[in-house]
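Throughout, a chain's letter reflects where its sequence line sits, starting with A, and its residues are numbered from 1.
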2 protein chains.
Amino acid sequence: MDPAAPLKKFFATIDRDVIPHLSLDCVVFGFDGEALEVLLLRWRNLDRWSLPGGFVRWDESLDAAAQRVLRERTSLTQNLEQFHAFGALDRGGSEVRPAFAAMGVEVPEGHWLAGRIVSIGYLALVRFAEVRLNLGNVVEECRWWDVRARPPMTLDHDAIITRALDTLRIRARSFQLGGALMPEKFTMPELQRLYEAVLGHALDRRNFRKKVLELGIVEQLPEFRTGQRHRAANLYRARPED
Amino acid sequence: MDPAAPLKKFFATIDRDVIPHLSLDCVVFGFDGEALEVLLLRWRNLDRWSLPGGFVRWDESLDAAAQRVLRERTSLTQNLEQFHAFGALDRGGSEVRPAFAAMGVEVPEGHWLAGRIVSIGYLALVRFAEVRLNLGNVVEECRWWDVRARPPMTLDHDAIITRALDTLRIRARSFQLGGALMPEKFTMPELQRLYEAVLGHALDRRNFRKKVLELGIVEQLPEFRTGQRHRAANLYRARPED
DNA sequence: CGCTGGTTGCGTACTACATACACAACTAGC
DNA sequence: GCTAGTTGTGTATGTAGTACGCAACCAGCG
């Protein structure tokens with residue numbers, strides 16, 4: 001079967017299904033216990049990487065479209081946060097048409113996909129372990145990348161990630177990451193490593209604990225993490241949002 | 001001459017000139033010394049008010065389009081800040097076509113102007129006195145409104161203003177309004193009234209002065225405001241941005 | 001010209017929060 | 001039982017935010 005068939009089918013109905021000249025890109029952050037990671041994918045026959053993105057259907061809001069894109073790629077059902085609209089003059093244009101061509105679909109010269117595209121940036125904090133990656137048919141690779149060592153990216157996706165990181169760091173400074181990025185049960189030092197990975201610098205153990213507890217963003221469990229050849233750490237879980 | 005002629009001319013070339021299904025709305029804030037005001041306009045034959053807005057031309061970025069809209073309406077040349085993209089399902093649609101009809105332009109049923117429109121919200125802080133209002137041909141009224149007493153608005157423009165106000169209040173809490181909203185020379189109590197109008201509550205005179213001075217957002221002038229039947233207040237000006 | 005009302009400019013005490021650091025408790029391995 | 005390594009808890013210090021008192025000053029009036 002023609003590997004480009006699904007893409008061709010998508011392209012055949014694109015003018016009927018989605019808002020033209022508009023796209024959205026999701027910056028999906030996860031945490032593997034060591035570093036902050038971002039979910040990137042590589043389209044067939046392309047060597048640059050891209051953010052998971054998509055278009056907005058006529059029968060769904062921007063927010064709903066972002067949720068759908070996230071769900072299609074990760075099987076997750078959760079809210080995303082819109083953080084910026086990217087509308088520079090050179091967005092799209094020269095780079096999109098060759099990309100589609102590499103995947104086996106010829107975009108006519110006059111088509112909007114060959115022209116300028118405005119993109120809305122969305123941000124998601126997800127539980128690493130709960131993600132079930134779904135490549136689909138035209139994605140060759142999809143994996144997590146350490147945010148500090150990202151591969152070459154298409155279009156302005158690198159700038160989009162940088163902007164999302166800025167937004168994230170502002171939230172981290174006021175301890176507003178919550179436990180969205182953590183596994184269900186975690187220790188205090190593990191949560192601290194997340195904040196340190198986002199902020200990019202070390203924090204004081206004792207002050208961090210004090211702050212997190214007084215803000216009530218975690219709930220103490222009557223369990224401990226053993227087998228670490230040192231004192232067992234208490235386990236916590238993210239407190240359900242009010 | 002047909003009063004709808006300019007609008008008809010605009011409509012005739014709209015498909016060639018601008019990105020379809022996309023618009024932008026500018027929330028322009030000014031300060032009259034008493035209350036925080038927002039610039040609104042009323043299109044011909046409509047009874048609801050609207051934000052100054054427009055569409056994005058193919059040869060300009062989102063930011064540049066926002067600057068153009070602001071310049072066309074106020075003759076001001078300055079930056080705006082993008083704060084949110086509004087893309088609910090019911091944006092546009094039923095309300096836009098009757099509005100154009102009231103102004104004398106029949107939008108065909110299938111045209112994108114009769115359908116859903118995503119809008120990018122921009123925010124501007126301008127000097128009240130420097131604004132030179134320009135109505136154009138299809139705007140019947142254009143004036144400042146106290147943000148606390150706004151008229152009935154079209155579409156979701158009321159929610160857009162609310163969101164812009166939230167953004168503004170966040171900035172005010174960390175004294176980041178600067179002097180953009182003040183006249184060239186102003187006293188400390190006058191600046192304080194601006195912050196109070198934005199925040200919606202009173203501030204302490206002495207702490208306000210201390211904070212503003214230590215942040216260095218104003219420059220003291222060797223002049224005083226006299227004729228107030230009480231002690232003359234020192235004049236300041238906004239310090240040029242670094 | 002002195003007195004008065006009202007406001008501005010300046011300083012000080014108090015409180016809350018963030019930061020810096022010390023020590024005991026505990027687990028696994030030998 | 002001893003040790004290495006880390007976690008849990010407490011306390012001291014510094015810095016920023018808040019509350020408030022008082023003198024300086026301008027215009028108007030008797």
- request: Could you check whether the rings of A:Phe175 and A:Phe208 sit parallel, tilted or perpendicular, using 30° and 60° as the cut-offs?
  value: tilted
message: Do the side chains of B:Arg239 and B:Glu219 get close enough for a salt bridge, i.e. N-O under 4.0 angstrom?
response: no
query: Given A:Asp25 and A:Arg163, is the salt bridge (Lys or Arg N to Asp or Glu O under 4.0 Å) satisfied, shown in steps?
result: CA-CA 12 Å; A:Asp25 288 295; A:Arg163 179 106 194 190; over 6 Å; no
- request: For DNA chain C, find the residues of residues 190-207 of chain B with a heavy-atom distance under 4.0 Å and give them by number; none if there aren't any.
  value: B:Arg205, B:Arg206
- request: Check the distance between C:dA18's P and A:Arg173's CZ and give it to me in whole angstrom.
  value: 14 Å
Ionic contact status for A:Glu184 with A:Arg237, cut-off 4.0 Å: no
query: Counting only distance, no hydrogens or angles, is the base of D:dT18 paired donor-acceptor with the side chain of B:Lys210 under 3.5 Å?
result: yes
task: Starting from the 5' end of DNA chain C, give me the residue, B:Leu213 or A:Lys211, whose nearest nucleotide shows up first.
output: B:Leu213
message: For the SG atom of A:Cys26 and the CZ atom of A:Arg68, what is their distance to the nearest 0.5 Å?
response: 9.5 Å
task: Using atom types as modelled and distance alone, determine if a side-chain donor or acceptor of A:Arg169 lies under 3.5 Å from a backbone N or O of A:Arg173.
output: no
Nearest-0.5 Å distance, CE of residue B:Met153 to CG of residue B:Leu40: 4.5 Å
message: Just the rounded figure in Å: distance from P of C:dC17 to CZ of A:Phe175.
response: 14 Å
message: Give the residues of residues 214-234 of chain B touching DNA chain C, defined as any heavy atom closer than 4.0 Å, sorted by residue number.
response: B:Arg229, B:His230, B:Arg231, B:Ala233, B:Asn234
message: Parallel, tilted or perpendicular, judged at 30° and 60°: which one describes the rings of B:Trp49 and B:Trp145?
response: perpendicular
